[in-house]
Amino acid sequence: KAKQSGRNTFQLYTLELNQALKKRIEIEYSLRHAIENEEFLLYFQPKINLATGKLCGAEALIRWQPKDGPLISPLSFIPVAEETGQIEALGRWVLGNACRAANQFSQLLGKPFSVAVNVSPRQFRHCDLVSTVEQVIKDTNVNPGCLELEITESCLVHDTPAFIKTLHDLKSLGLTLAIDDFGTGYSSMAYLKDFPVDRLKIDKAFVGNLENEPANVAILKAIIALGHSFGLKVVAEGVETAYQQAYLHGMGCDELQGYYFSKPLPLADFLLILKK
Ligand code: C2E
Ligand code: MG
Ligand code: MG
Ligand code: MG
């Protein structure tokens, strides 16, 4: 009996594996066309300054809109693009479009408006990120102070001298750097002293259930204090309720991003918010 169920489990497992692999290959294949056909869009999610309650920037988030199908979340294609190397072309596209959007937003407001772009670990490792970003800044003529790069902690575990130099070289282009999904990685602290970053973005896992998780409140307080002691701005992601906003304000968090204020919006809708 045990043997029998063992075999069934194994079959189920390989079936699931095959399906996952098949889906991956499908995505890789259609991504190739999507890059050629420019089937991507950037959405923009507002960032709010907690002290003033005002809009203080945006994060650019990629969406895939196939010609004949529903919008696809980055969670299902960024990891594939990362594995196959397609992220390098995609990443350049995102950077260019985010800079053009920053120009458009700044022009509309009559003052600099910052747009943050997510950068995958592979963009650090396999392409010359510094010269790519430098070229994009030149081509789009963006104010480099209006560009922020978001790096995840998994990028930062490679705290080699070469990696730290890359961060300094990026900073010397005049842009700002943020650590995304902070608190979910491993080396959450030691590296802060060597890394020239400007912002910590607290992962939404600690924010979303703040109401009924005293442990998360303790973590939030600790991250905010840590960030401030390094002179960094601290941003909370995934703020969904008035309670969470008020609580974070009370804890001295600097900025927030989340559905409570706004979901990520298509360019045209974001422009409407800016006009208000
Ligand atoms: P992220 O950089 O941590 O972005 C925040 C994610 O949280 C976004 O998901 C956003 O829509 C979502 N979010 C914002 N507010 C709330 C909220 O109040 N509640 C909840 N439940 N979620 C909220 P999205 O747009 O699906 O992006 C997922 C991830 O995909 C991003 O996480 C980022 O790591 C990656 N990604 C998105 N765009 C790009 C890109 O252009 N390049 C790269 N390399 N990665 C990207
Ligand atoms: Mg991000
Ligand atoms: Mg991210
Ligand atoms: Mg995040």
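Nothing fancy with the numbering, it's 1 onward along the sequence. Atoms within each ligand, like the ligands themselves, are counted from 1 in listed order.
Proximity of Lys201 to ligand 1, defined as any heavy-atom pair under 4.0 Å, is not found for any part of the residue. Neither the backbone nor the side chain of Lys263 comes within 4.0 Å of ligand 1, counting heavy atoms alone. When non-hydrogen atoms are compared, ligand 1 lies under 4.0 Å from neither the backbone nor the side chain of Glu82. The residue Asp203 has no part lying near ligand 1, judged by heavy-atom distances below 4.0 Å. When non-hydrogen atoms are compared, ligand 1 lies under 4.0 Å from the backbone of Asn118 as well as from its side chain. Residue-level proximity to ligand 1 for Asp181 is carried by the side chain, the only part with a heavy atom below 4.0 angstrom.
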CA sep, side-chain torsions, deciding dist, call: Leu41, Ile62, side chain to side chain contact (heavy atoms under 4.5 Å, CB included): CA-CA 6 Å; Leu41 294 170; Ile62 196 170; over 6 Å; no
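The heavy atom nearest to atom 17 (C) of ligand 1, considering only Tyr259, Phe40, Trp93, Phe77, is found in Tyr259.
Using a 4.0 Å cut-off to heavy atoms of Pro264, the atoms of ligand 1 that qualify are 11 (O). If you number the atoms of ligand 1 from 1 as listed, the ones under 4.0 Å from a heavy atom of Gln45 come out as 14 (C), 15 (N). Of all atoms in ligand 1, numbered sequentially from 1 with element shown, those under 4.0 Å from a heavy atom of Leu75 are 28 (C), 29 (C).
Looking only at its N/O/S atoms, Glu59 has OE2 as the one nearest to the Mg ion (ligand 2). The nearest N/O/S atom of Glu150 to the Mg ion (ligand 2) is OE1.
The cluster map of Ile, Leu, Val, Met, Phe, Trp and Tyr, joined by side-chain heavy atoms under 4.5 Å apart, puts Val136 and Ile151 in the same cluster.
With the Mg ion (ligand 4) as the vertex, OE1 of Glu237 and OD1 of Asp181 span 110° to the nearest 10°.
Rounded to the nearest 0.5 Å, atoms OG1 (Thr52) and CD (Glu255) are 9.0 Å apart.
Among the atoms of Asp180, an N, O or S atom falls under 2.8 Å from the Mg ion (ligand 2). Metal site remark for the Mg ion (ligand 2): Asn118 contributes an N, O or S atom at a distance under 2.8 Å.
One finds a salt bridge joining Glu39 and Lys67 here, because a Lys/Arg side-chain nitrogen approaches an Asp/Glu carboxylate oxygen to under 4.0 Å.
For Phe44 and Phe105, the ring centers are positioned less than 6.0 Å apart.
Looking at Thr84 and Glu28, their side chains never bring a donor and an acceptor atom within 3.5 Å of each other.
Remark: ligand 1 and Gln257 share no N or O pair separated by less than 3.5 Å (distance only, no angle test).
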